[in-house]
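Heads up: the structure comes next, in structure tokens.
Each chain gets a letter, A, B and so on, in the order the sequences are listed, and its residues count up from 1.
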Protein chains: 2
Amino acid sequence: MERVVASVPGRKSDTKERILDAALHLFATRGYENTSLDFLASSLGLSKQAVLYWFKSKDILLQAVIERDVTELISVLEAALSDAGEGWERMEAVVKSVFRIGVMRPELLELIREVNRVDSSASEMLVALLTPLMERASQFLQAEMVAGRFRKRDPRLVILATYSMVLGVLTDLKAMKALGEEPSVRLLVKWRQELLTFLRDALLIEADTGR
Amino acid sequence: MERVVASVPGRKSDTKERILDAALHLFATRGYENTSLDFLASSLGLSKQAVLYWFKSKDILLQAVIERDVTELISVLEAALSDAGEGWERMEAVVKSVFRIGVMRPELLELIREVNRVDSSASEMLVALLTPLMERASQFLQAEMVAGRFRKRDPRLVILATYSMVLGVLTDLKAMKALGEEPSVRLLVKWRQELLTFLRDALLIEADTGR
DNA sequence: CAAGTGACTTACCATATGGTAAACAACGCG
DNA sequence: CGCGTTGTTTACCATATGGTAAGTCACTTG
């Protein structure tokens, strides 16, 4: 409806990527059902059919967004889960990674929330993508517990709780409003620290790691 | 589409309540945009116009659901926040209340998730309803911190984190699937206990309350 | 018992939506 | 230069959706 960049109809266009970008943004911020192909297309200065040329259906578009962006997200987390040192350091690295994403590309996290909600083949895809990561995280936690560094808990609960907490702090903006806070980067930085401490107290077994 | 109970068209019908019940259920499980008035009505054996007779628009229906059900939810929490003893006991009572609701009437919590997401006047209403409760909870936490029973944290973060965590454990079923768990009451009871311990470690200052 | 009212239903409608079919423009290639 | 390919548009469509208007039917009340 505004962005009539009008790339030459000829060859080699970056349209596909631009559609994926817009879809990520709109699905995340306005919701999947609430984003029509017409709206999405015209926000790029395209007709709906151009979108349907690249992605045969809306559902397939959603799947493509997930495949591109969630895969990226997961690889970032996988990296954090592998790189950093032992025990708490590693846990901290993962949480910090998520926060970094939450600040720089909040739409990625909102997309996950959204896909988790929508009833489509896309959500199964998300589960399939997420499962190995969960499995790795679970094994990490279990190892830490056996080593006596983390309190013994059901690792799956720890994951789900942490996941919900971090995602919640980063995406539940409406709830923030009810708390009388406007979300800002400054606040998120502060809360990241507090949340890490919160998690540490909950997980780590006291061994005066330098309080 | 099936439930053609056919109450007498005459007087005094419970239709209004039945519509609210169905709306709560469908909005929570299928989402607001994804639930058409036609579908909702026919699930009650009514025509769409009967629904529009009681509620002038879909948005107003959503607001009515919130007004009826979220108010109820909040009063339950208010009660938990007032009744129980001091310190951790009270915190525990609140969390247990939420879990009780999550087990017995999961739709109530799912509705909150849903409304938090939908962009409508309804979400402002939710914020308005939730704000006083948040305020009370915040004051409670602050008092506990001053009294030296709870660790000193930003109360709003504690609320948001706890809120997200509990709601997440209770509603993020898809995430559970990725963890290889089918949600069941048995599991929830177990996780309620674990989550409480998790929270206690994070919040309570050690004073050997009977570890 | 006639008029009104409460609780619906049937008819209807404008609009939005996902999607199909076909035309069309620019380019690369033989 | 003609011709297929790629990317895109214009036309079109069936269906779904929220909502309006008016009718209907039973019961209540003056």
Side-chain angles (χ1 to χ4, degrees), chain A residues 1-23 26-27 29-66 114-115 118-122, chain B residues 1-23 26-27 29-66 114-115 118-122:
Chain A
M1 238 166 199
E2 43 173 37
R3 300 242 46 206
V4 194
V5 183
S7 60
V8 189
R11 276 284 176 92
K12 276 283 135 103
S13 83
D14 57 344
T15 305
K16 195 171 181 179
E17 287 299 312
R18 289 174 61 229
I19 291 173
L20 286 172
D21 290 343
L26 292 176
F27 289 168
T29 56
R30 304 168 48 97
Y32 176 75
E33 293 105 331
N34 207 26
T35 300
S36 73
L37 292 181
D38 272 312
F39 185 89
L40 192 157
S42 70
S43 83
L44 290 169
L46 289 173
S47 73
K48 171 172 58 180
Q49 312 315 322
V51 175
L52 285 168
Y53 170 76
W54 293 103
F55 305 94
K56 271 186 284 189
S57 75
K58 195 183 178 185
D59 188 85
I60 287 175
L61 172 59
L62 177 58
Q63 286 186 47
V65 174
I66 293 171
E114 178 66 11
V115 173
V118 171
D119 182 29
S120 93
S121 49
Chain B
M1 235 166 202
E2 41 174 37
R3 302 240 47 205
V4 193
V5 183
S7 59
V8 190
R11 276 286 175 90
K12 277 281 137 104
S13 83
D14 57 344
T15 305
K16 195 171 180 178
E17 288 299 311
R18 288 175 61 229
I19 292 173
L20 287 172
D21 290 343
L26 292 176
F27 289 168
T29 56
R30 304 168 49 97
Y32 176 74
E33 294 105 331
N34 206 27
T35 300
S36 73
L37 292 182
D38 271 311
F39 185 88
L40 193 158
S42 72
S43 83
L44 290 168
L46 290 173
S47 74
K48 172 172 56 181
Q49 312 315 321
V51 175
L52 285 168
Y53 170 76
W54 292 103
F55 306 94
K56 269 186 286 190
S57 75
K58 195 183 176 184
D59 189 85
I60 287 175
L61 172 58
L62 177 59
Q63 287 186 48
V65 174
I66 294 169
E114 178 65 12
V115 173
V118 171
D119 182 29
S120 94
S121 50

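Counting non-hydrogen atoms under 4.0 angstrom, B/Leu52 reaches a base of the nucleic acid.
The minimum heavy-atom distance linking B/Ile19 with B/Ala50 is given by the pair CD1-O, 4.2 Å. Contact record, B/Arg18 with B/Leu44: NH2-O, 3.3 Å, taken as the closest heavy-atom pair. Contact detail for B/Lys16 and B/Trp54: the closest heavy-atom pair is CD-CE3, 3.6 Å. In this structure, B/Val51 and B/Ala41 approach most closely via the heavy-atom pair CG2-CB, 3.7 Å. Across A/Ala122 and A/Ile66, no two heavy atoms sit closer than the pair CB-CD1, 3.5 Å.
Applying the 4.0 Å criterion to OP1 and OP2 of C/dA7, one finds that B/Thr15 has every side-chain N and O outside that range.
One interatomic measurement links the two molecules: OH of B/Tyr32 to P of D/dG18, which rounds to 8 Å at whole-angstrom precision. A/Leu37 has its CG atom 11 Å from the P atom of C/dT20, to the nearest Å. At whole-Å resolution of the value, OH in B/Tyr53 and P in D/dG19 are 18 Å apart. Regarding B/Leu46, its CG atom lies at a distance of 14 Å from the C1' atom of C/dT10, rounded to whole Å. The CD atom of B/Glu33 sits 16 Å away from the C1' atom of C/dG18 (whole-angstrom rounding). Between the C1' atom of D/dG19 and the CG atom of B/Leu40 lies a distance of 15 Å, rounded to the nearest Å.
With a 4.5 Å cut-off on side-chain heavy atoms, A/Phe27 and A/Val115 do not count as touching. Taking 4.5 Å as the limit, every side-chain heavy atom of B/Thr15 sits out of range of all side-chain heavy atoms of B/Tyr53. With a 4.5 Å cut-off on side-chain heavy atoms, B/Arg30 and B/Glu114 do not count as touching.
Contacts of A/Glu17 classified as side chain to side chain donor-acceptor pair (under 3.5 Å), with partners at least two apart in sequence or in another chain: A/Arg68. Every salt bridge (Lys or Arg N to Asp or Glu O under 4.0 Å) that A/Asp38 has, sequence neighbours left out, goes to A/Lys48. Scanning for side chain to side chain donor-acceptor pair (under 3.5 Å) contacts around B/Ser121 gives B/Asp59, B/Gln63, with sequence neighbours left out.
Less than 4.0 Å separates DNA chain C from at least one heavy atom of each of the following residues of residues 54-63 of chain B: B/Trp54.
Between its opening and closing five pairs, the helix from C/dC1-D/dG30 to C/dG30-D/dC1 changes axis direction by 20°, a value rounded to 10 degrees.
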Identify the pairs formed between an N or O of the protein and an N or O of nucleotides 11-16 of chain D at a distance under 3.5 Å, and give each distance.
from: D/dA11; atom 1: N6; to: A/Gln49; atom 2: NE2; distance (Å): 3.3

